[in-house]
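Notes follow once the structure below has been shown.
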Amino acid sequence: MTVKQLRAFLAVAQSLSFAQACERLHLSQPALSLAIKNLEQSLGGQLLVRTTRSVALTPEGETLLPIAVRLLADWDNAEDLLRQHFTLQMGKVAVAAMPSFAGNRLPAALRAFRDAYPRVNVAVHDVINEQVMEMVRDGRVELGIAFEPLSLDGLQFTALYEDRFVAV
């Protein structure tokens, strides 16, 4: 059973017309008929009773109808949710940052990010340099802001800026 076959079944079952289902799905009559036939074969029985003048659901088709509605709604919702996450319209991100960065430069960056992506929640962990690396390696955060490590051990490092320490 495929999503395409379920969509074909649902369109025919709701309209009780192959012609209307073809219009709704933008499919040719042979393609729609083949999808229904393949669905029926995969399930092992007839879902629709077809005559030259009408289409009706078999008892098995009646059983499948609410299930198909629910499955396709869940499928569409899952696609929408993942699309929103991948396009940063929605989601959550965890960041670990050293106190000096978390208190000085990070707030302005977070404000700009929040303006661009208002439905993405950001959690900030204010931790020492060594803990930043540990949290990234353990997968507890997606991004770490720290001094450049001596050994990357599979991590990717991108310098944000140079900071100089001086003795006074």
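We number each residue from 1, following the sequence as shown.
Counting heavy atoms from C-beta outward, Leu39 and Leu43 have side chains that approach closer than 4.5 Å. Residues Val12 and Val55 have side chains in contact (heavy-atom distance under 4.5 Å, counting atoms from C-beta outward). Between Glu130 and Glu134 the shortest side-chain heavy-atom distance does not fall below 4.5 Å. Between Leu160 and Phe101 there is a side-chain heavy-atom pair separated by less than 4.5 Å.
Taking NZ of Lys92 as the reference point, atom CG of Asn121 lies at 8.0 Å (rounded to 0.5 Å). With rounding to the nearest 0.5 Å, the separation of CG in Leu72 from CD1 in Ile67 is 11.5 Å. To the nearest 0.5 Å, the span separating CZ on Arg7 from CG on Leu32 amounts to 14.0 Å. Here the straight-line distance linking atom CE of Met135 with atom NE2 of His125 works out to 4.0 Å at 0.5 Å rounding. Remark: Leu10 CG to Arg24 CZ distance equals 5.5 Å, nearest 0.5 Å. Here Phe9 contributes atom CZ and Met1 contributes atom CE; the two are 10.0 Å apart, rounded to the nearest 0.5 Å.
One hydrophobic cluster, built from ILVMFWY side chains closer than 4.5 Å, holds both Val124 and Leu143. The hydrophobic cluster containing Leu71 does not contain Leu81, counting ILVMFWY residues as joined when their side-chain heavy atoms lie under 4.5 angstrom apart, directly or transitively. Leu110 and Val95 fall within a single hydrophobic cluster, where Ile, Leu, Val, Met, Phe, Trp and Tyr side chains are chained together by heavy-atom contacts under 4.5 Å. Tracing side-chain contacts under 4.5 Å through hydrophobic residues (I, L, V, M, F, W, Y), one never reaches Val49 starting from Leu65; they form parts of separate clusters.
Nearest heavy atom pair, residue Val141 against residue Ala94, reads CB-O, 3.4 Å. Contact record, Arg50 with Gln46: NH1-NE2, 3.7 Å, taken as the closest heavy-atom pair. Ala11 and Leu25 make their closest contact through CB-CD1, 3.7 Å (heavy atoms, listed as atom of the first residue, atom of the second, distance). Nearest heavy atom pair, residue Val132 against residue Ala96, reads CG1-O, 3.8 Å. Closest non-hydrogen pair, Ala97 versus Leu106, comes out as CB-CD2, 4.1 Å. Pro107 and Ala102 make their closest contact through CD-O, 3.3 Å (heavy atoms, listed as atom of the first residue, atom of the second, distance).
At distances below 3.5 Å, at least one donor-acceptor pair connects side-chain atoms of Glu40 with backbone N or O atoms of Leu48.
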(request) Carefully, step by step, assess Met98 and Ile145 under the rule side-chain contact (heavy atoms from CB on, under 4.5 Å). (result) CA-CA 7 Å; Met98 298 180 323; Ile145 302 170; over 6 Å; no
(request) Applying side-chain contact (heavy atoms from CB on, under 4.5 Å), run through Gln14 and Val69 and close with a yes or a no. (result) CA-CA 10 Å; Gln14 288 176 332; Val69 169; 4.2 Å; yes
(request) Give the C-alpha distance, both sets of side-chain angles, the deciding distance and a yes or no for side-chain contact (heavy atoms from CB on, under 4.5 Å) between Gln5 and Ile36. (result) CA-CA 6 Å; Gln5 291 169 345; Ile36 298 292; over 6 Å; no
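For CZ of Phe86, the number of neighbouring non-hydrogen atoms (other residues, nucleotides, ligands) closer than 6.0 Å is 12 at most. Within a 6.0 Å sphere centred on CZ of Phe113, other residues, nucleotides and ligands contribute more than 12 heavy atoms.
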